[in-house]
There are 2 protein chains.
Amino acid sequence: MGRTAGRTPDDTRRALLDAAADAVRARGIHASLDEIARFAGVSKGGLIYHFASKDDLILELARDQLAAFQASIDAALDPADTSPGRLTRAYIRAALTPAGDDAAVRQSIALITQLMTLPAVAELARADAERLDAALAADGLPPDVLALVVAAADGMSCAPLWGAATRTPAHRRLTERLLHLTRHPELWES
Amino acid sequence: MGRTAGRTPDDTRRALLDAAADAVRARGIHASLDEIARFAGVSKGGLIYHFASKDDLILELARDQLAAFQASIDAALDPADTSPGRLTRAYIRAALTPAGDDAAVRQSIALITQLMTLPAVAELARADAERLDAALAADGLPPDVLALVVAAADGMSCAPLWGAATRTPAHRRLTERLLHLTRHPELWES
DNA sequence: GTCTATAAATGGATAGAC
DNA sequence: GTCTATCCATTTATAGAC
């Protein structure tokens, strides 16, 4: 008894994580458990059954978001591309192209900054960034070119944070130019 | 009566804004008024005398931070430099060099993201970014070069947000390279 | 101009019913 | 497996003393 027809515990958990993401995006990290729970169609008590505390919920949400970004990098890997810089190209595409419904991926940057209010999340994100940096460093590009390309991609993907204009022709051209540079690093090194 | 010896109302206001900045950096946007007030050496009641509400305090703090960043750009303007790109170079220096005690300027990025939880602050920051973008667009550099250089500077200055490594040799080299590019835009345009 | 005391609201978490 | 009811801590904001 008690099981709501048509929703498994995993479904409920998924719904709660999604609701938490929406609520935090909209209201910031202080979105209340009550708000999140109602948004997911459960009660506050129901939420607490699935996540032991608010901190626990936020930490799991952070894990979920970081995993989603990594998944979008993996999805952007071109199997036919075996040249140096293939991971870097996937990173650029994942960070800058609104592929699929990945407008969400862009927004998740703003979300992560909210989640990082929690020290445990900050540490998780730091470790994740370190892992990614190491992988990129081993991607076969000259360090100077890698630094430029990653910085530019990060800068463009952060722009929405400030409400700056994005998806302008200049930005699209720049994205292409960065991808081109990873294939011809000598253009920058020379 | 009542006036605490040796501190004018403006001094108190300044102390409260500084304390709020410290508290929000340390504890996030949910730092309590009580905390902030004690840190500034006033009572909660004293704080509320100077700022009508917490939202008011946060909004004024955001104005203060944006003005400080603009001031550091102005300070980085080279009077002897009259070539196209002089404002862009000042922007790069302000965003990337820890001049003076401007380690605070770097940290203020993380602070602003916290403050943007407040919709009024988000709007303020958006308008400020728009103003800055317009000024940079009128700086005389080819749009493609401007887009690259600003994106790369933004990306490097955002890196600490993720706890990523910063001030590495590669970053210092990249900063110099970006400044160089603003003086020789044909290197990228060609 | 600043403080104390307190009101009023909200949020996180627990206990136990169903 | 989920909900209701409730407790307790925290927080913003007010009222009024000094």
Side-chain angles (χ1 to χ4, degrees), chain A residues 1-62 114-121, chain B residues 1-62 114-121:
Chain A
M1 292 290 98
R3 165 86 53 85
T4 300
R7 191 146 90 168
T8 68
D10 273 4
D11 285 344
T12 303
R13 192 186 154 88
R14 183 73 261 158
L16 281 166
L17 286 175
D18 290 343
D22 287 343
V24 172
R25 265 193 284 267
R27 299 233 203 282
I29 190 68
H30 294 105
S32 73
L33 293 183
D34 199 45
E35 226 171 343
I36 295 168
R38 273 202 311 270
F39 210 81
V42 267
S43 67
K44 188 160 58 162
L47 189 163
I48 290 294
Y49 170 78
H50 288 278
F51 299 93
S53 68
K54 182 172 183 179
D55 282 6
D56 184 39
L57 170 65
I58 296 299
L59 187 61
E60 291 305 309
L61 178 55
Q114 288 290 325
L115 303 185
M116 297 217 308
T117 299
L118 197 69
V121 173
Chain B
M1 295 288 98
R3 165 85 54 86
T4 300
R7 191 146 90 168
T8 68
D10 273 6
D11 285 344
T12 303
R13 193 186 154 88
R14 183 72 262 153
L16 282 166
L17 286 174
D18 290 342
D22 286 343
V24 173
R25 266 193 282 266
R27 301 234 203 281
I29 191 68
H30 295 104
S32 74
L33 294 184
D34 198 45
E35 227 171 342
I36 295 168
R38 272 202 311 270
F39 211 81
V42 252
S43 68
K44 188 162 52 166
L47 188 164
I48 289 295
Y49 170 79
H50 288 278
F51 299 93
S53 68
K54 182 172 184 178
D55 282 6
D56 183 40
L57 170 65
I58 296 299
L59 186 61
E60 291 305 310
L61 178 55
Q114 287 290 324
L115 303 184
M116 297 220 308
T117 299
L118 198 70
V121 172

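Keep in mind it's a predicted model, so treat the numbers as computed, not measured. Residue numbers start from 1 in every chain, and the chains themselves are labelled A, B, ... in the order their sequence lines are given, proteins ahead of strands.
Checked against dG1(C), dC3(C), dT4(D), the side chain of Ser43(A) finds its nearest nucleotide in dT4(D).
Residues passing the side chain to side chain donor-acceptor pair (under 3.5 Å) test with Asp18(A) are Arg14(A), sequence neighbours excluded. Among residues two or more places apart in sequence or in another chain, the salt bridge (Lys or Arg N to Asp or Glu O under 4.0 Å) test is passed with Asp56(B) by none. Taking Ala19(B) as the reference, Ile36(B), Phe39(B), Ala40(B) meet the side chain to side chain contact (heavy atoms under 4.5 Å, CB included) condition, with sequence neighbours excluded. With sequence neighbours left out, the side chain to side chain contact (heavy atoms under 4.5 Å, CB included) criterion links Ile48(B) to Leu33(B). Legend: residues meeting salt bridge (Lys or Arg N to Asp or Glu O under 4.0 Å) with Arg38(B), ordered by chain and number and at least two apart, are Asp34(B).
Distance Arg38(A) CZ to dT4(D) C1': 15 Å, rounded to the nearest Å. Distance Arg13(B) CZ to dT2(C) C1': 17 Å, rounded to the nearest Å. Arg7(A) has its CZ atom 7 Å from the P atom of dT2(D), to the nearest Å. Straight-line distance from the CG atom of Asp56(B) to the P atom of dT12(D): 14 Å, rounded to whole Å.
Applying the 4.0 Å criterion to OP1 and OP2 of dG1(C), one finds that Tyr49(B) has a side-chain N or O inside that range.
By the 4.0 Å N-to-carboxylate-O rule, Arg13(B) lies too far from Asp10(B) to be salt-bridged with it.
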Heavy-atom contacts, protein to nucleotides 5-14 of chain C, under 4.0 Å, summarised as B (base), S (sugar-phosphate only) or - (none) per nt, yield ------SBBB

